[in-house]
Amino acid sequence: MKLEKQEAVIEGILFAMGESVEISKLADVLETSVEEIQKILQRMMKRYKSGNRGIEMIEIEDSVQLCTKKEMYEYLIKIAKQPKRHVLTDVLLETLSIIAYKQPITKLEVEKIRGVSCAHAINKLVEYNLVCELGRLDAPGRPLLFGTTEEFLRSFGVQSLEELPVPDQDQLEEFKQQAEEEMNLKLEV
């Protein structure tokens, strides 16, 4: 199959799917190697970036997706009448951070770290498609395990969890001290 035809097939699949597609599945469809598909994708990505286009191709872990360029959002909003934007409160961000760094993790483990109930926060994060159920822990009660989604990666502009910032050890110690001080103040009251 000619290169132009391969690119057209990839573009058609990504457009029709509307979500990320594994590179290995594209290789299967086009009956070629993953390495060859990656070369084709790199050429396509360069073309999307260099041209005055409204869409771009992004890579997320071992998948690719066609997305609207950020520069087009103001026009998209005029058509879509304010797409639903989720507001992440401090509670949601804190819960999401714990899940992102400790996944797979149970609700109880998140609650131990936060010190308060997290059911509502986790439900909201699942509703926003930033967190999903990954299965069940092989322990009494078989609690649900939670982890982040591809939408989480897209929303925070990272291709994989390895790109998340590494917490500074000095900062962690400072946070622990602040948390202990807060607990002492609560106990005094």
Side-chain angles (χ1 to χ4, degrees), residues 1-73 75-77 79-80 83-86 88 92 95-107 110 122-138 142-166:
M1 188 180 301
K2 288 186 175 182
L3 178 62
E4 284 182 355
K5 177 72 172 175
Q6 289 176 318
E7 288 181 358
V9 169
I10 292 171
E11 189 174 56
I13 289 170
L14 295 178
F15 178 79
M17 294 303 292
E19 57 188 34
S20 66
V21 176
E22 291 177 26
I23 295 170
S24 60
K25 287 185 180 179
L26 293 173
D28 291 344
V29 168
L30 291 169
E31 299 174 351
T32 188
S33 68
V34 168
E35 293 76 22
E36 185 60 31
I37 294 297
Q38 287 173 325
K39 288 177 190 174
I40 295 169
L41 292 172
Q42 290 305 316
R43 282 193 296 270
M44 291 175 75
M45 285 180 194
K46 279 184 185 176
R47 226 176 16 261
Y48 279 115
K49 283 184 180 176
S50 67
N52 191 14
R53 313 279 298 261
I55 57 174
E56 63 184 338
M57 186 180 292
I58 62 169
E59 192 171 346
I60 302 170
E61 291 185 337
D62 297 326
S63 303
V64 289
Q65 181 174 359
L66 283 179
C67 298
T68 304
K69 284 186 177 175
K70 289 179 177 76
E71 301 86 47
M72 301 298 134
Y73 286 0
Y75 305 105
L76 186 60
I77 288 170
I79 291 289
K84 188 174 183 178
R85 290 199 45 101
H86 305 297
L88 294 179
L92 292 179
T95 305
L96 182 58
S97 298
I98 292 167
I99 293 170
Y101 282 99
K102 300 281 188 178
Q103 66 185 301
I105 187 169
T106 66
K107 181 174 71 84
V110 175
I122 291 175
N123 289 340
K124 276 291 181 198
L125 294 170
V126 168
E127 179 185 324
Y128 295 167
N129 195 28
L130 296 172
V131 167
C132 67
E133 296 174 5
L134 298 177
R136 293 191 173 268
L137 185 63
D138 190 18
R142 308 237 333 120
L144 287 169
L145 290 167
F146 293 94
T148 55
T149 63
E150 281 188 2
E151 184 61 31
F152 165 81
L153 296 174
R154 263 190 298 282
S155 296
F156 288 89
V158 293
Q159 290 185 4
S160 70
L161 294 173
E162 287 78 37
E163 289 185 23
L164 291 175
V166 177

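- Here the shortest heavy-atom pairing between E7 and R43 reads OE2-NE, 4.1 Å.
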ask   = Between L92 and Y128, does a side chain to side chain contact (heavy atoms under 4.5 Å, CB included) hold up when you go through it step by step?
value = CA-CA 11 Å; L92 292 179; Y128 295 167; 4.0 Å; yes

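- Closest approach of G54 and M72 over heavy atoms only: O-CG, 3.6 Å.
- Of the possible polar contacts, one joining the K69 side chain to the Y48 backbone as a donor-acceptor pair under 3.5 Å is found.
- Using a 3.5 Å distance cut-off with no hydrogens or angles, the side chains of T149 and E151 do not pair a donor with an acceptor.
- Surrounding CD of E31 are at most 12 heavy atoms belonging to other residues, nucleotides or ligands under 6.0 Å away.
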message = Checking L145 against T106 for the side chain to side chain contact (heavy atoms under 4.5 Å, CB included) test, could you report, in this order, the C-alpha distance in whole Å, the side-chain angles of both residues, the deciding distance, and whether it holds?
response = CA-CA 5 Å; L145 290 167; T106 66; 3.7 Å; yes

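- Scanning both residues, S63 and E150, for their nearest heavy atoms gives OG-OE2, 4.0 Å.
- Rounded to the nearest 0.5 angstrom, E56 CD and K70 NZ are separated by 6.0 Å.
- Taken to the nearest 0.5 Å, the CD atom of Q6 stands 4.0 Å off from the CD1 atom of I40.
- Taking 4.5 Å as the limit, some side-chain heavy atom of F156 sits within range of a side-chain heavy atom of L96.
- Atom CD1 of I55 is separated from atom CG of L14 by 9.0 Å, given to the nearest 0.5 angstrom.
- Within the 4.5 Å cutoff, the side chain of I99 has no heavy atoms near those of the L130 side chain.
- Tested against V21, the residues L26, I10, L66 include a single side-chain contact (heavy atoms from CB on, under 4.5 Å) partner, L26.
- Applying side-chain contact (heavy atoms from CB on, under 4.5 Å) to L153 and the options L164, I60, I58 leaves one that passes, I60.
- Heavy-atom minimum distance, E59 versus Q159: O-CG, 3.0 Å.
- In this structure, N129 places its CG atom where more than 12 heavy-atom neighbours from other residues, nucleotides or ligands lie under 6.0 Å away.
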task = Assess whether side chain to side chain contact (heavy atoms under 4.5 Å, CB included) is satisfied between L30 and E36, documenting all intermediate values.
result = CA-CA 10 Å; L30 291 169; E36 185 60 31; over 6 Å; no

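- Separating the OG atom in S20 from the CD atom in E61 is a distance of 9.0 Å, to the nearest 0.5 Å.
- Q103 places a side-chain N or O within donor-acceptor distance of the main-chain N or O of T148, the cut-off being under 3.5 Å.
- Contact annotation: the side chain of V131 never approaches that of F152 to less than 4.5 Å [non-hydrogen atoms, C-beta and beyond].
- Rounding to the nearest 0.5 Å places NZ of K102 at 12.0 Å from OG of S97.
- Atom CE in M57 sits 8.5 Å away from atom CZ in R47 (nearest 0.5 Å).
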